Participant: 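Let me begin by handing over the structure; questions about it come next.
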Amino acid sequence: MALDYVISMDCSPKQALGADGIQELLNARGYARYLLKVMREQGNQMSADQIRFRSSLSRPSNVTETEGEVHELIERTAVLDDYQHECVSCPANVRGGYGFGCYGRVNYPIDPETEQLLLSMLPDDLTLPGAGAEFRRALEHFGWDGQQAAALRAQSRTFFKTATTPVRRWPTGETFTGDQVFQMLFMPVGADWSYAMMLAIAFRVIRLAEESGTSFEPAEPVAENALQAARFLQALAVAAERRLSVLMDG
C-alpha cells in the first residue's frame, strides 16, 4: 500500500534493468528485509529459505497479490548491488549516499501528521506574488476538488489513517483540504517537469525570486510517513530544476 515514484533521469542502471524493473527489485528487497526484521524482533531465527510469505499491495486502481519464499527475493534482488555504486554522484539521487536515490515511496495510509504538514507548507498569503499567486493559478487551472480522494477516505482506512479530513483556511476565505492535497500530489499518473515545478513552488520547496525577502521554515518531519512525503517533494524539486518528469505508480 504505497505510492512508488522515480525521477526519469536516464542512467546505465535503468538501461540495464529497466526503470520498472528496478522499482520491482527495490520493492522486493525492501519487503524481504522487513519480513526478516519482524521475524528477528519476534525471536524467530528461521533462515530465509524457511520463511514463506503472502502479501497484497493495494492501490487506488487495483490490488496485487504475491507469494513465495524470502530467500528467493534476496537472491533475485542481489543484481542491484552491481549498479548501486553508480548512484552515489548522480544529481537525481535525492537520498545522498544511498543507492537508487531517484526512487522513493510514500506508504499508505497517510498519517494525520503528514496531512497537516503538507497543508502547512502551502503559501501563507495567496494574494502575494510568488508561491501564493502560483498556487491560486494552479487551483483555478486544475480544479482539484478532492472528491475521489474523499471517496477513498470514506470507504476504508487503506489510504488515510483518519476519517476526518483536515482543512487549511486562509483569512481571505479560501480553504484547501487534505483530500485536495492527496489528489494534487498523489493521484496523477506522473508529473512532467512543469507540473513538478508547480508542486515544488506551491509547497515552497522551490522559492521564486520575488519571494527573496520572505522566510519560510517548514516543520521538521519526524515520523517516517512525513519524512517520506518530504522526500517526495524534494524529488519533485530536483526533477523540475532539471526538466525531468517524475513517474508515479500508486
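None of these values were measured; they are calculated from a predicted model. Atom set for the values below is all heavy atoms of this structure, side chains included, hydrogens, waters and symmetry mates excluded.
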Participant: Taking the side chain as everything from C-beta on, heavy atoms only, tell me whether Y103 gets closer than 4.5 Å to Y5.
Facilitator: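 A side-chain contact is absent here, since even the closest heavy-atom pair is not under 4.5 Å.
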
Participant: Does V6 belong to the same Ile/Leu/Val/Met/Phe/Trp/Tyr cluster as V94, with side-chain heavy atoms less than 4.5 Å apart forming each link?
Facilitator: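 Shared cluster, no.
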
Participant: Using 0.5 Å steps for rounding, measure from the CZ atom of R157 to the CZ atom of F159.
Facilitator: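 If I round to the nearest 0.5 Å, the distance is 11.5 Å.
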
Participant: In terms of side-chain heavy atoms, does R153 have a donor or acceptor partner in T165 at a distance below 3.5 Å?
Facilitator: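 Judged by distance alone, the side chains do pair up.
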
Participant: Should D4 and M248 be marked as a side-chain contact (heavy atoms from CB on, under 4.5 Å) after you check the CA-CA gap, both sets of side-chain angles, and the distance that decides it?
Facilitator: CA-CA 6 Å; D4 293 316; M248 300 158 58; over 6 Å; no

Participant: Taking the side chain as everything from C-beta on, heavy atoms only, tell me whether L185 gets closer than 4.5 Å to L233.
Facilitator: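 Of all side-chain heavy-atom pairs linking L233 with L185, at least one is under 4.5 Å.
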
Participant: Check the pair E72, R76 against salt bridge (charged side-chain N to carboxylate O under 4.0 Å, His left out), reporting the backbone distance first and the verdict last.
Facilitator: CA-CA 6 Å; E72 295 173 343; R76 180 158 54 87; over 6 Å; no

Participant: Kindly state whether the ring of F160 and the ring of Y108 have centres lying under 6.0 angstrom apart.
Facilitator: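 Judged by ring-centre distance (under 6.0 Å), F160 and Y108 do not meet the cut-off.
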
Participant: Measure the spacing between CG of N44 and CD1 of I51 and express it to the nearest 0.5 Å.
Facilitator: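 If I round to the nearest 0.5 Å, the distance is 6.0 Å.
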
Participant: Do the side chains of I7 and L247 join up, straight or via other hydrophobic residues, at under 4.5 Å, putting them in one cluster?
Facilitator: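 No, it is not one cluster - the side chains of I7 and L247 are not joined through contacts under 4.5 Å.
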
Participant: Check for me, please, whether L26 and F232 land in the same ILVMFWY cluster - side-chain distances under 4.5 Å, paths through other members count.
Facilitator: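 Different hydrophobic clusters.
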
Participant: S8 side chain to S245 main-chain N or O, any donor-acceptor pair under 3.5 Å?
Facilitator: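 Confirmed, S8 side chain pairs with S245 backbone.
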
Participant: For a 4.5 angstrom cut-off between non-hydrogen side-chain atoms, does D124 reach R204?
Facilitator: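 Counting from C-beta outward, D124 and R204 do come under 4.5 Å.
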
Participant: Taking the side chain as every heavy atom from C-beta outward, state whether S194 and R243 have any pair of such atoms under 4.5 Å apart.
Facilitator: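 A side-chain contact is absent here, since even the closest heavy-atom pair is not under 4.5 Å.
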
Participant: Just wondering, do L152 and F182 contact through their side chains at under 4.5 Å, heavy atoms?
Facilitator: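 Touching, per the 4.5 Å side-chain cut-off.
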
Participant: Salt bridge between R29 and E24, side-chain N to carboxylate O under 4.0 Å?
Facilitator: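 So R29 does not pair with E24 through a salt bridge.
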
Participant: Using a 4.5 Å cut-off on heavy atoms from C-beta on, say whether the side chain of R40 contacts that of Q45.
Facilitator: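 Answer yes - side chains close enough.
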
Participant: Identify the heavy atoms of Y195 and A191 that sit nearest to each other, and give their distance.
Facilitator: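 That closest heavy-atom pairing would be CD2-CB, 3.7 Å.
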
Participant: Output all residues satisfying side-chain contact (heavy atoms from CB on, under 4.5 Å) with Q183, sequence neighbours left out; order by chain, then residue number.
Facilitator: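 Listed in chain order: W144, D145, M187.
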
Participant: Please report the C-alpha distance between V79 and L17 in whole Å, then the side-chain angles of each, then the deciding distance to 0.1 Å, and finally whether the side-chain contact (heavy atoms from CB on, under 4.5 Å) criterion is met.
Facilitator: CA-CA 9 Å; V79 66; L17 302 175; 4.0 Å; yes

Participant: Please indicate whether Y34 has more than 12 foreign heavy atoms, meaning atoms of other residues, nucleotides or ligands, lying under 6.0 Å from its OH.
Facilitator: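 For Y34, atom OH is not crowded (no more than 12 foreign heavy atoms under 6.0 Å).
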
Participant: Give me the atom names and distance for the closest heavy-atom approach of A240 to A196.
Facilitator: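 What the structure gives for the nearest pair is CB-C, 3.9 Å.
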
Participant: Hydrophobic cluster membership, with links at side-chain heavy-atom distances under 4.5 Å among I/L/V/M/F/W/Y: are L126 and F142 in one?
Facilitator: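 Same cluster.
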
Participant: Report yes or no: do Y31 and M46 belong to one cluster of Ile/Leu/Val/Met/Phe/Trp/Tyr joined by side chain heavy-atom distances under 4.5 Å?
Facilitator: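 Hydrophobic grouping puts Y31 with M46.
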
Participant: Considering only NZ, NE, NH1 and NH2 on the basic side and carboxylate oxygens on the acidic side, decide whether E224 and R231 come within less than 4.0 Å.
Facilitator: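 R231 and E224: salt-bridged.
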
Participant: F100 and Y83: aromatic ring centres closer than 6.0 Å?
Facilitator: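 No - the distance between ring centres of F100 and Y83 does not fall below the 6.0 Å cut-off.
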
Participant: What is the minimum heavy-atom distance between A226 and L117, and which atoms define it?
Facilitator: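 Taking every non-hydrogen atom into account, CB-CD2, 4.0 Å.
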
Participant: Measure the OG1-CD1 distance between T77 and I22 for me, rounded to the nearest 0.5 Å.
Facilitator: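 It comes to 13.0 Å.
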
Participant: If you take all heavy atoms of A230 and P221, which pair is closest and at what distance?
Facilitator: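 In terms of heavy atoms, the two residues are closest at CB-CG, 4.0 Å.
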
Participant: If you count every heavy atom of other residues, nucleotides or ligands that lies below 6.0 Å from D20 atom CG, does the total exceed 12?
Facilitator: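 No, CG of D20 has 12 or fewer neighbouring heavy atoms, counting only those of other groups under 6.0 Å.
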
Participant: Can you tell if the side chain of I201 reaches within under 4.5 Å of the side chain of L208, non-hydrogen atoms only?
Facilitator: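 When only atoms from C-beta onward are counted, L208 and I201 do touch, with a gap below 4.5 Å.
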
Participant: Could you verify whether a donor N or O on one side chain and an acceptor N or O on the other, from Q50 and S47, lie under 3.5 Å apart?
Facilitator: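 Yes, because at least one side-chain N or O of Q50 sits under 3.5 Å from a partner of the opposite role on S47.
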
Participant: Is there a side-chain contact (heavy atoms from CB on, under 4.5 Å) between I206 and M197? Walk through the geometry before answering.
Facilitator: CA-CA 8 Å; I206 290 179; M197 178 67 77; 3.6 Å; yes

Participant: To the nearest 0.5 Å, what is the distance between CG on L118 and CE on M184?
Facilitator: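 Answer for the CG-CE pair, L118 versus M184, is 10.0 Å.
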
Participant: Ignoring hydrogens and geometry beyond distance, is a side-chain donor-acceptor pair present between N225 and N107 at under 3.5 Å?
Facilitator: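 Side chains of N225 and N107: no pair found under 3.5 Å.
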
Participant: Got a second to check how far E134's CD is from L199's CG, nearest 0.5 Å?
Facilitator: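 Here the rounded value is 12.0 Å.
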
Participant: Considering all heavy atoms of both residues, which atom of K161 and which atom of P112 are nearest to each other, and what is their separation?
Facilitator: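 Reported closest heavy-atom pair: CB-CD, 3.9 Å.
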
Participant: Go through the steps to decide whether C11 and E86 satisfy the test side-chain contact (heavy atoms from CB on, under 4.5 Å), and finish with yes or no.
Facilitator: CA-CA 9 Å; C11 61; E86 300 188 34; over 6 Å; no

Participant: Which heavy atom in P129 sits nearest to a heavy atom in A133, and how many Å separate them?
Facilitator: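 Residues P129 and A133, closest heavy atoms: CA-CB, 4.2 Å.
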
Participant: Quickly, which of R169, R168, R136 forms a side-chain hydrogen bond (donor to acceptor under 3.5 Å, both in side chains) with E174? Name it, please.
Facilitator: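 Among the candidates, only R136 passes.
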
Participant: Taking the six-membered ring for Trp, are F176 and F135 ring centroids under 6.0 Å apart?
Facilitator: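 Between F135 and F176, which both carry aromatic rings, the centre distance is below 6.0 Å.
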
Participant: Using side-chain heavy atoms (C-beta onward) and a distance below 4.5 Å, is W170 in contact with L122?
Facilitator: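 When only atoms from C-beta onward are counted, L122 and W170 do touch, with a gap below 4.5 Å.
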
Participant: Rounded to the nearest 0.5 Å, how far does CZ of R52 lie from CG of L35?
Facilitator: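 If I round to the nearest 0.5 Å, the distance is 12.5 Å.
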
Participant: Does a donor on one side chain and an acceptor on the other come within less than 3.5 Å for T177 and D179?
Facilitator: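 D179 and T177 do not have a side-chain donor-acceptor pair below 3.5 Å.
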
